[in-house]
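A quick note: this is a predicted structure, and the numbers were derived from the prediction, not measured.
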Amino acid sequence: MSGQTNWKELEDKIGAAVKLARRPVAVSFLEAAPADVQRFEGTEPSGCSFWRLAAAGRVFYTVPENHFNCAVGAYTHNIALSPEREKETEQTLKMMFDLGYVKPEEVPQIPRLAKAPVAIVYAPLGEAPVAPDVVLFACKPSGAMLLTEAANRAGVGSGAPALGRPTCMALPASMQMGAILSLGCMGNRVYTGLGEDEMYFVLSGKDLTALADALTVITSANAALNEYASGRRSQLATI
């Protein structure tokens, strides 16, 4: 619980309406290390790897050097690499350019955090120790459909097309524009275990309550439309 918001109730409310592949992840970008939250110890290959740990139930915070293993993730999070690691960004981008995976002119268009965080908190939504700046939902397309419709009803949708690589750009994008769909990327799918039939819905933390309230109407409406469409198919489909 943070402030007056019960994150556990919101996670349960959303989870009751949408079938989620794993627990939603709350991410908070802070200007100082949080009190009473465990600092991450160890190494991970990417910033999105921390999503996997949080979805599995861990609550912790990272510092900039924990993100140095992923030059792309460091870029989207506005984290400056140490001098000895700066060449890795050039090497990684060169590899992606040579593979034809991304074009050089695309890099400046990738959304980034406006300010470098001093610490980043990761937690399952229901156990968020501080208010999340962004919440990540791993779900199947049917769940993403419901979440997107609820975001639009709540007036917090971005209207942006689904994003692709890199997946981590969806975090700053959602904070800047509103709810975002992300198709993921190969690195993220390997590092997080996201299934081939799964994708992400990413929402600014401040919009979570509005989304949860709108889901009540959306799920009821979709249940009625399911029955309506099923009846029409039965009556009108000739093949």
Q: Indicate yes or no: at least one non-hydrogen side-chain atom of P166 is less than 4.5 angstrom from one of N188.
A: no
Q: For residues 27-43, which side-chain donor-acceptor pairs fall under 3.5 Å, sequence neighbours excluded?
A:
from : atom 1 : to   : atom 2 : distance (Å)
S28  : OG     : A131 : O      : 2.9
E31  : OE2    : K115 : NZ     : 3.3

Q: What are the two closest heavy atoms between V135 and P24, and how far apart are they?
A: CG1-CB, 4.0 Å
Q: Which atom pairs, one a donor and one an acceptor, fall under 3.5 Å between side chains of residues 227-239 and the rest of the protein, sequence neighbours left out?
A:
from : atom 1 : to   : atom 2 : distance (Å)
S230 : OG     : N226 : O      : 2.7
S230 : OG     : N226 : OD1    : 3.3

Q: For a quick test of reading the model, state the closest non-hydrogen atom pair linking L215 to L146 and the distance between them.
A: CD2-O, 3.9 Å
Q: Taking only distance into account, with no hydrogens and no angle test, what donor-acceptor pairs under 3.5 Å do side-chain atoms of residues 53-73 form with protein atoms, sequence neighbours excluded?
A:
from : atom 1 : to  : atom 2 : distance (Å)
T62  : OG1    : H67 : NE2    : 2.8
N66  : OD1    : V63 : N      : 2.9
N69  : OD1    : R85 : NH2    : 2.9
N69  : ND2    : E44 : O      : 3.0

Q: Keeping R22 on the side-chain end and F137 on the backbone end, is there a donor-acceptor pair under 3.5 Å?
A: no
Q: Are any non-hydrogen side-chain atoms of W51 and T167 less than 4.5 angstrom apart?
A: yes
Q: Which heavy atom of C139 sits nearest a heavy atom of A144, and at what distance?
A: SG-N, 3.6 Å
Q: Minimum heavy-atom separation for A128 to W7, with atom names?
A: O-CD1, 3.7 Å
Q: If you round to the nearest 0.5 Å, how far is CD1 of I14 from OG1 of T219?
A: 11.5 Å
Q: Could you list all the side-chain hydrogen bond (donor to acceptor under 3.5 Å, both in side chains) pairs where at least one residue sits in residues 134-160, not counting sequence neighbours?
A: K140-D197, E149-N222
Q: Which atom pairs, one a donor and one an acceptor, fall under 3.5 Å between side chains of residues 202-212 and the rest of the protein, sequence neighbours left out?
A:
none

Q: Run V25 and F50 through side-chain contact (heavy atoms from CB on, under 4.5 Å) and show every step you take.
A: CA-CA 10 Å; V25 173; F50 300 121; over 6 Å; no
Q: Indicate the atoms forming the closest heavy-atom contact of H77 with L113, along with that distance.
A: O-CD1, 3.6 Å
Q: Side-chain contact test, heavy atoms from C-beta onward, threshold under 4.5 Å: evaluate it for Y122 versus L136 and give yes or no.
A: no
Q: To the nearest 0.5 Å, tell me how far R165 CZ sits from I110 CD1.
A: 7.5 Å
Q: Hey, can you pull the donor-acceptor pairs under 3.5 Å for the side chains in residues 168-187, sequence neighbours left out?
A:
from : atom 1 : to   : atom 2 : distance (Å)
S174 : OG     : A170 : O      : 3.3
S174 : OG     : L171 : O      : 2.9
Q176 : NE2    : R112 : O      : 2.8
S182 : OG     : G184 : N      : 3.2

Q: I'd like to know if E11 and R23 make a salt bridge, using a cut-off of under 4.0 Å between side-chain N and carboxylate O.
A: yes
Q: If you measure from SG on C48 to CZ on R189, what distance do you get to the nearest 0.5 Å?
A: 11.5 Å
Q: Working to the nearest 0.5 Å, report the span between CG of L147 and CD1 of I218.
A: 10.5 Å
